[in-house]
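Positions are given from 1 along the sequence. Note that the coordinates shown come from a computational prediction; the quantities given were computed from them, not determined experimentally.
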Amino acid sequence: MKTRALITGINGMDGSYLADFLLEKGYEVYGMERRSSSKNRTNTGHLEGKVTFVNGDLGDQNSLLRCLKESNPEEVYNLASQSFVGESWNTPEQTGDVTGLGVLRMLEAIREYGKKVKFYQASTSEMFGRMVENPANENTPFYPRSPYGVAKLYGHWITKNYRESYDMFNVSGILFNHESERRGIEFVTRKITDGVAKIHLGLEEHISLGNLDSLRDWGYSPDYMEAAWLMMQHETPEDFVIATGKSHSIREFLDIAFSCVGIDDWSKHVKQDPRFMRPAEIDVLCGDSTKAREKLGWSPKTSFEDMIKKMVKKDVGLLS
């Protein structure tokens, strides 16, 4: 019999890649999406007919229980959240409700469901925030710097609490920044590659960005979804940092992105806009994934440069 998996947030970047990965592994995949008048399946159009879509919402525990009964999964991957850090200052209450309490509702639904289900929680490097230790590992103290980071920290700790309280197989992947061609346009990396493509094609003249000096540890989404799966196959439920161990600035990202279209000096094409500055900025994020490399045998396959080249190439193709 096929292993059955339920993915929340399947229409997002990570959810769609995880679905691709699990289907290749021979899984029967169920994807949870919110009911709406028009489905946003930009990332999952190719999955229609291959996965079963079910309606559920992290704000409604009964709907989560119904999703579990409908999918009868052995594994649940919780990738859904209000995931845009910048937006979390505008909608802090909704971010806390979905990104934080939504995890509790899913865990309670699994507990009430009563069957043995492995649970993966998508934690984030944003929980480290103002990094107390660089690079950060599984034992580094947390110091979130946004409503999103604080909400994710609640989700992380409640996952661990239920693991210890109810002997549940719960794991958290503390994933550092990861991007891909399927990243939402509101995120800075995709905003850059989309902007570079538009400038290259003569559709725009510049890109408006915030802090160009912040440093991030960037990996490639499909590589990180493989890590999520490996955590669920590990003999014991543990938390793992997933990262490349290398930090790059927004300026470096711009260097590579513009070089893909033959532009060496991008200064006249980039404007800094105060609207895109965070109230509490995080200067650097860098992760130490030694534990995942040693215990899971995981390592990133796609380089920073190759990831950006894939993104720019895709955006040029889309706009062409």
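Tracing side-chain contacts under 4.5 Å through hydrophobic residues (I, L, V, M, F, W, Y), one reaches Ile207 starting from Val316; they form part of the same cluster. Hydrophobic clustering (ILVMFWY, side-chain heavy atoms < 4.5 Å, transitive): Val76 and Val51 are in distinct clusters.
The side-chain heavy atoms of Asn40 and Asn11, taken from C-beta on, include no pair separated by under 4.5 Å. Here the side chains of Asn177 and Ser125 are in contact, with some heavy-atom distance below 4.5 Å. Counting heavy atoms from C-beta outward, Thr8 and Met106 have side chains that approach closer than 4.5 Å. Counting heavy atoms from C-beta on, the side chains of Val29 and Thr52 never come closer than 4.5 Å. Taking 4.5 Å as the limit, some side-chain heavy atom of Ile174 sits within range of a side-chain heavy atom of His156.
The one candidate from Lys2, Arg4, Glu75 that meets the side chain to side chain donor-acceptor pair (under 3.5 Å) condition with Tyr27 is Glu75. Each of Glu235, Glu138, Glu238 was compared with Lys295 under the salt bridge (charged side-chain N to carboxylate O under 4.0 Å, His left out) criterion, and only Glu238 meets it. Here the options are Phe128, Tyr224, Trp218, the test is ring pair (Phe, Tyr, Trp, His ring centres under 6.0 Å), and the partner is Phe176; only Phe128 passes.
Between the side chains of Ser247 and Asp217, not a single donor N or O lies within less than 3.5 Å of an accepting N or O.
Using a 30° and 60° split on the angle between ring planes, His248 and Phe304 fall in the parallel class, below 30°.
Between Phe240 and His234, the distance from one ring center to the other falls under 6.0 angstrom.
Under the 3.5 Å distance criterion, the side-chain polar atoms of Thr91 are left unmatched by any main-chain donor or acceptor of Gln94.
Under a cutoff of 6.0 Å and an axis angle of 45°, Arg41 and Phe53 form a cation-pi pair.
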**OP:** Test Tyr220 against Glu181 for side-chain hydrogen bond (donor to acceptor under 3.5 Å, both in side chains), laying out the working first.
**Re:** CA-CA 10 Å; Tyr220 190 50; Glu181 306 93 302; 2.8 Å; yes

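No salt bridge links Arg35 with Asp57; every basic N to acidic carboxylate O contact stays at or beyond 4.0 Å.
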